[in-house]
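Side-chain atoms are counted along with the backbone in the values below, which use heavy atoms only and exclude waters and symmetry mates. As the structure is a prediction and not an experimental result, all values here were calculated from the model. Along the sequence shown, residues carry numbers from 1.
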Amino acid sequence: MKLCLLLNVIDPKIGGVMIMGDRGTGKSTTVRSLVDLLPEIRVVSADPFNSDPDDPELMSEEVRMKVQEGISIPVSTTKITMVDLPLGATEDRVCGTIDIEKALTEGVKAFEPGLLAKANRGILYVDEVNLLDDHLVDVLLDSAASGWNTVEREGISISHPARFILIGSGNPEEGELRPQLLDRFGMHAQVGTVRDAELRVKIVEERARFDQDPKSFRESYREEQEKLQNQISLARTLLPKVKVPHDIRVKVSQVCSDLNVDGLRGDIVSNRAAKALAALRGREEVTAEDVYTVIPNCLRHRLRKDPLESIDSGLLVVEKFCEVFGYARPASS
C-alpha cells in the first residue's frame, strides 16, 4: 500500500490507487499521513485552480489568456494539496457552481470553484469509495479521464483543469466497486489484518505512544521522514531519464495478453509504475525485479472475475509473470 502511494507521488500519471482491506487496518491513516511527504510545486499566486505557470495544459483559461497577452503573473511555491471528498458531498460542491445572479446582473462569469478545482495538481481522496453515489462516481470518472472539469448551468459553460491523483479506500464487505471505476485506478492494493502477535503488540504500543505525546512521537520519526522526502524529490527529478528496455516492454504486454486483460491500461500503468520504482531506487533502467514488484498491484483489479476461482488474482499475476519472464520467485514471497 505504501509503495503504491509513493509511486503515484513520483509519477501522478500512474492514475491513482485503490486500497481495499478490512476495517481498522490503517488505510485512511496511511493516506492522510502522505501529506507530510508531498513535495512543493510552483503555482500561480492566488489562483483557485493551482495553475502551473509553465505548462499551458495545467492553466486555467484566465491565466492562459494573461500569459498569451504577455502579462507577467506572480508565482509562488506551495505543497501539493490533498482534498478529502466526503460521502455526502453534493454535485455542486464537487464540481463548483456558477453564480447566476452575478452573471445576469453584472454580465460576468462568476464561478465558485469546487473540490475538483482545489484538487487540481494534487490528490483527491475518497474514503469508503464503494459507498459513493453513482452520479458523483460518474463526475469523478469524467474528470479523471479528461483532466478537465466542465460546469454547465443556465446556458453558461466554464471549464478548468482537474488533473489529480485519485486515491480511494474501502472495505470489500460493504459492497464491490463498479468495474469501470475500478479500471480507472492505476494501482490496486489489498490490506489484510496483521496476524503476528508480536507485531500487533508493537502497533498498539506505538499508537499509545502517539496518544500520550504526539509531538515527541513525530519528532522521533522526523529524520526518517526527511530522508524519504529527499528520496521522493530525487526520484521525481530522475524519472524523465528512466528507460524501459524493449524486451521487458514486450514481456509485460505478453503477461497482460495471456491474462486476458481488457484494453491497454494495464500495459501502460505497469510500465509507468516500474519506471517510478526504478527512479525511487536511484536507477536509470528498469529491471525484471522492478516489474515483479509492481505488476500484481497494476493488474489484479483488471482480471475478469471468475466466481469459481479460489486463488487470489494477485497470485495469478505473479505466476504468469514468472512463466513469461522465466523468473524464480524469491523465497520471501
What pairs with N171 under side-chain hydrogen bond (donor to acceptor under 3.5 Å, both in side chains), at least two apart in sequence or on another chain? none
Taking the side chain as C-beta and beyond, is there a heavy-atom pair between V151 and S157 under 4.5 Å? no
Answer yes or no: does atom CD of E62 have more than 12 heavy-atom neighbours from other residues, nucleotides or ligands under 6.0 Å? no
Regarding R121 and D52, does a basic nitrogen lie under 4.0 Å from an acidic carboxylate oxygen? yes
Rounded to the nearest 0.5 Å, the NZ atom of K2 sits from the CG atom of L34 at a distance of 11.5 Å
What I want to find out is whether D290 reaches K275 closely enough, with some N-O distance under 4.0 Å, to be called a salt bridge. no
Donor + acceptor pair across side chains of E112, T97 (<3.5 Å): no
When you look at L238 and R283, which way does the side chain to side chain contact (heavy atoms under 4.5 Å, CB included) test go after all the steps? CA-CA 8 Å; L238 183 64; R283 283 188 275 100; 5.9 Å; no
Return all side-chain donor-acceptor pairs below 3.5 angstrom for residues 66-77, not counting sequence neighbours, or 'none' if the list is empty.
unit_1, atom_1, unit_2, atom_2, d
S76, OG, S45, OG, 3.4

Close side-chain approach of H135 and V139, heavy atoms under 4.5 Å: no
Within a 6.0 Å radius of atom CD on Q212, are there more than 12 heavy atoms belonging to other residues, nucleotides or ligands? no
Between L124 and V129, is there shared hydrophobic-cluster membership here, with clusters defined by ILVMFWY side-chain heavy atoms closer than 4.5 Å? yes
How long is the span from the CD1 atom in I203 to the CD atom in E198, to the nearest 0.5 Å? 11.5 Å
Do I268 and R272 pass the side chain to side chain contact (heavy atoms under 4.5 Å, CB included) test, and can you show the C-alpha distance, the side-chain angles, and the key distance before you say yes or no? CA-CA 6 Å; I268 294 166; R272 279 184 180 153; 3.7 Å; yes
Is it true that the side chains of N230 and E226 contain a donor and an acceptor less than 3.5 Å apart? no
Could you list the donor-acceptor pairs under 3.5 angstrom formed by side chains in residues 86-96, with sequence neighbours left out?
unit_1, atom_1, unit_2, atom_2, d
T90, OG1, R93, N, 3.2
D92, OD1, R153, NH2, 2.5

Any side-chain to backbone donor/acceptor pair from D133 onto L136? Under 3.5 Å, distance only. no
Joint hydrophobic cluster, L3 plus I167, side-chain heavy atoms closer than 4.5 Å: yes
Do you see a donor-acceptor pair shorter than 3.5 Å between the side chains of N149 and H160? yes
Cluster overlap L85 with F185, hydrophobic side-chain contacts below 4.5 Å: yes
Restricting to side-chain hydrogen bond (donor to acceptor under 3.5 Å, both in side chains), what partner residues turn up for E224, sequence neighbours left out? none
Non-hydrogen atoms of V291 and A274 that approach each other most closely: CG2-CB, 4.1 Å
Does the side chain of R163 come within less than 4.5 Å of E57's, by heavy atoms? yes
Salt bridge between R207 and D211, side-chain N to carboxylate O under 4.0 Å? yes
Would you confirm whether T30, through its side chain, and G26, through its main-chain N or O, come within 3.5 Å as a donor-acceptor pair? yes
Measuring from T237:OG1 to I232:CD1, what's the distance to the nearest 0.5 Å? 11.5 Å
With sequence neighbours left out, which residue pairs that include part of residues 232-261 fulfil the ring-ring contact (aromatic ring centres under 6.0 Å, His included) condition? none
What is the minimum heavy-atom distance between F49 and N120, and which atoms define it? O-ND2, 2.7 Å
Is M187 reachable from I165 through a run of I, L, V, M, F, W or Y residues, each pair having side-chain heavy atoms under 4.5 Å apart? yes
For the atom pair CG (L234) and CD (Q231), what is the distance rounded to the nearest 0.5 Å? 8.0 Å
Q229 (side chain) donor-acceptor with P39 (main chain) under 3.5 angstrom: no
Between V324 and V252, is a side chain to side chain contact (heavy atoms under 4.5 Å, CB included) present by the stated rule, with each step listed? CA-CA 8 Å; V324 171; V252 166; over 6 Å; no
Could you check whether any side-chain heavy atom of K243 comes within less than 4.5 Å of a side-chain heavy atom of E284, counting everything from C-beta outward? no
D84 bridged to R32 by N-O distance under 4.0 Å: yes
So, does R222 use its side chain to make a donor-acceptor pair with the main chain of R218 at under 3.5 Å? no
Quick one: pull up CZ in R42 and OG1 in T78 and give me the separation to the nearest 0.5 Å. 13.0 Å
Between D127 and S28, the two heavy atoms sitting closest are OD2-OG, 3.0 Å
Just list the side-chain donor-acceptor pairs under 3.5 Å for residues 4-24, sequence neighbours left out, or say none.
unit_1, atom_1, unit_2, atom_2, d
N8, OD1, G16, N, 2.7
N8, ND2, C4, O, 2.9
D11, OD1, K13, N, 3.0
D22, OD2, T193, N, 3.4
D22, OD2, T193, OG1, 2.8
R23, NH1, E173, OE1, 2.8

I'd like to know whether C256 forms a side chain to side chain contact (heavy atoms under 4.5 Å, CB included) with L299, so could you lay out the CA-CA distance, the side-chain angles of the two residues, the decisive distance to 0.1 Å, and finally the verdict. CA-CA 8 Å; C256 294; L299 299 183; 3.8 Å; yes
Under 4.0 Å between a side-chain nitrogen and a carboxylate oxygen: does that hold for K202 and E205? no
Under a single-linkage definition using a 4.5 Å side-chain heavy-atom cutoff for Ile, Leu, Val, Met, Phe, Trp and Tyr, are I80 and L280 assigned to the same hydrophobic cluster? yes
With a 4.0 Å cut-off on N to O distance, would you call E323 and K320 a salt bridge? yes
Residues V255 and F325: closest non-hydrogen pair is CG2-CE1, 4.2 Å
For the residue pair S143 and L116, what are the closest heavy atoms and their distance? OG-CD1, 3.3 Å
Please answer whether the main-chain N or O of K118 pairs with a side-chain N or O of T81 as donor and acceptor at a distance below 3.5 Å. yes
Check the angle between the aromatic planes of F321 and Y292 and answer parallel, tilted or perpendicular using the 30° and 60° thresholds. tilted
Test your reading of the model: is there a side-chain donor-acceptor pair from S146 to the backbone of W148, 3.5 Å cut-off? yes
So, for H301 and N297, which heavy atoms are closest and what is the spacing to 0.1 Å? CE1-O, 3.6 Å
Distance (rounded to the nearest 0.5 Å) between D213 CG and E219 CD: 10.5 Å
